[in-house]
Each structure stands twice: as C-alpha cells, then as structure tokens.
Amino acid sequence: MSARSSSLSSEQMLELMAYVDGELEGADRTKVEGWLASNVDAARFVDELAGLGDLVTLGHQASADAKAVVSFDIADAVMAAVEKEGGKAKTEEAAKAAPAPVISLEARRQKNLKVGGAVAAALALAASVFVMVRNKEEEVPMARVPVPAVQPSAVASAEPGVDVDLVETAGDSVRVFYLASESSPTTSVVVWVDESGGK
Amino acid sequence: MSRRSLILGALVAGAALVGHTPEANADAPPKAEVMVIHATKCDKKSVDPQIGETPPALGYDCLKLVEKKTLPLALNQASTAPLPNGRTFQLLHTAKVANRFKVTASISPADGSAGFTKLADITADANKPFNVGGFSYQGGVLVLTVRILP
C-alpha cells in the first residue's frame, strides 16, 4: 500500500475496504464515493486495494459527484496533488510518488493464488502419501492376529511365549500349529503328530 | 553413624536378602506339569472342567483329562511319562536361557520297539503351556498339555 494512504484514518480505510468488497449501500456508499471524488488518497487506496481500477471508475459513474473520477487517472491525480502542496513538501511528495511502481494487484493475486495452489497440492500429496504409508505399516500387526485356519509351520514365532523347531528326523507327519485358544485370548502351540491309521 | 546412614544400610541389607532368596530357589530343577488328555470326535462338544484352559481341539470336540503328571526337568536328563496307549513320552531339558527353558520332546515308536523319536525342540517361557498330541488312542487321540514350572 502506498505511503499516501497513511493519510487516511483507520475508519476510512475500513469503509473503503467494505466499499471495494461491495458491502456498502445507500448513504454509506454515497459517502465513500464522495471521498473517492474528492480525496486522491482514498481513490488510490481503493485502486491499490482491489486492483480493480476500472471497477472503481464504473462505480463512480453512477454518482453525480463523481465526474472527476470518471476519467480518473492515478498519475494525473498524484501530480495534481503534488502541484498543490508546493515548496519542500512538494519536492518530497513528488519524490515519493514518482518512483512508486504501478503494479497490478490482480496479477499479483493470480500469481500468489497459483503458488498457493501448488503448495496446497504438494501438502495434500504429502499427506496422502503419509496416510498410505501409515496404513501399510498398521496392516502388519493385523496380519499377525491368529486366524482360525490351521497354518502349519516348521519354525514358528515366539508370540505365545513358546518357540518350536521341528526335528528333521520327525518326518512329514509332524506339524506345528499356532491356534487361537478357545478359552483365552492367547495363542496355543500344538506339536501335532498325524497318526491317522496308526495304533 | 548418622540416622540416614543407618536407614540406608538397612535398606541395602534388606535388598540383598530379598535378592538372595530367588537364587536359592533357582538351584532347584524345574518341573514339567503334563496333562494327558483323551480327545475324541463327538456330536456334542464336551470339555472336562479339570482341564482348565482348553487346548486347541483340532477337530476333536470332546476332551477328557486322563491323568496329570509332574516330571522333573534336571538339565540333560531325560524324564519320561508312560501314556495310556502303551507308548512313552519323553522330555529332555537341554538349556535354560534368559528364564526360558529349552526342551526336546520325543515319543516312543507306535510299534512298541525301543528308543524314542524326536519330535521338536521347544523353547518355552515358564508357565506358558504348549501341546504335543495326535497319538492314537481308543478311537481318538492323546493330547499332552505341558507347562514348565520353574
């Protein structure tokens, strides 16, 4: 915001912002339009605030007091103000006003919007990757939960506090089962010898 | 000697006594409690209340406690338990590591010949039961639930 807008009171700035946002109606709107017609700082503030100089101009076309603003030109207005002040102040104000670059706030907003959008997309992507990785990690213990199906294993885990290594000479008829206990939440280990058809 | 030193000394002495007691018990050999269970297939599920924590049925729904035995588990000395089907179950305590007991379970041959067939090397925490079963007996099988008592 330019240094000249600092000549406006905070209340005026708030009302000008409300005007730019289209929130003012009736007497309030007329009052602000009066400021814009008579106060170069107010006009410049609104123009910089909204970056919609044309819209401000159109808005003032509806006002009978806004003729001076219909063909409002910021550079001309500033120069006119400088002429009025004269002397040392005149020189200082000109020095301040002259180098002030005119930047399209709309363009800057579009640029910021694009950057913001890219950042938001990157954050969303990172969040989705984090969630996927976390879910994958959490699936592991779920797979360890004992299932009712009988799962034979030659070397089993120590989950129930019991490790079993089958002796190779025991033959194929010996299996180890890790089964959910019927009467407790623990896992039971069974070394099972298949003697179907035996004694 | 200050009062604080006396209290500290008493605490240290008490801790030494408390810490010494388990060491004395640790010299005693562990034991294996063996429950011999007859498991049969049946229409109506039935579990002998003396069994306590029900072992996995593996398709045998009727479980009856035949007997309960206690075997000493001296290190590297086999302990045996005769089973109702004429065979013999053997446990050999081979090591104790970090309060876990390593035993080898064996069973005598079904044909009555001499010797034992090794089934598995089992490392179990104290009081954690494991089961060895499947030995044919009277239309069903025998299941042995073993719990090592330190």
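A note on names: the letters A, B, ... follow the listed sequences, proteins ahead of strands, and every chain is numbered from 1. Since this is a predicted model, take the numbers as computed values, not measurements. All values below were derived from every heavy atom in this structure, side-chain atoms included, with hydrogens, water molecules and symmetry-related copies excluded.
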**Student:** Do A:Asp163 and B:Lys102 come within less than 4.5 Å of each other through their side chains, counting heavy atoms only?
**Tutor:** no
**Student:** Same hydrophobic cluster for B:Met35 and B:Val47, using side-chain heavy-atom links shorter than 4.5 Å among ILVMFWY?
**Tutor:** yes
**Student:** Does atom CG (B:Asn76) have a neighbourhood of more than 12 heavy atoms from anything else shown, all under 6.0 Å?
**Tutor:** yes
**Student:** Is any side-chain heavy atom of A:Val164 closer than 4.5 Å to a side-chain heavy atom of B:Asp121?
**Tutor:** no
**Student:** Give a yes or no on whether B:Leu92 and B:Ile122 share a hydrophobic cluster (residues Ile, Leu, Val, Met, Phe, Trp, Tyr; joining criterion: side-chain heavy atoms under 4.5 Å apart).
**Tutor:**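 Not linked; separate clusters.
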**Student:** Not counting sequence neighbours, list each pair that qualifies as a ring-ring contact (aromatic ring centres under 6.0 Å, His included) and has a residue in residues 99-134 of chain B.
**Tutor:**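 Of all non-adjacent pairs touching residues 99-134 of chain B, those that pass ring-ring contact (aromatic ring centres under 6.0 Å, His included) are B:His93-B:Phe101.
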**Student:** Hydrophobic clustering (ILVMFWY, side-chain heavy atoms < 4.5 Å, transitive) - are B:Leu144 and A:Val193 grouped together?
**Tutor:**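 Same cluster.
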**Student:** Does NZ in B:Lys69 sit with more than 12 non-hydrogen atoms of other residues, nucleotides or ligands closer than 6.0 Å?
**Tutor:** yes
**Student:** Side chain of B:Ser136, backbone of A:Glu195: donor and acceptor closer than 3.5 Å?
**Tutor:** yes
**Student:** Identify the two heavy atoms, one from B:Pro56 and one from A:Leu179, that lie closest to each other, and give their separation to 0.1 Å.
**Tutor:** CB-CD1, 3.3 Å
**Student:** If you compare all heavy atoms of A:Leu166 against all heavy atoms of B:Leu119, which two are closest, and at what distance to 0.1 Å?
**Tutor:**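 Looks like CD2-O, 3.6 Å.
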**Student:** In terms of heavy-atom pairs under 4.5 Å, which option from B:Ala105, B:Gly133, B:Ala124 contacts chain A the most?
**Tutor:**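 Heavy-atom pair counts peak at B:Gly133.
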**Student:** Heavy atoms, side chains only, cut-off 4.5 Å: are A:Trp192 and B:Asn131 in contact?
**Tutor:** no
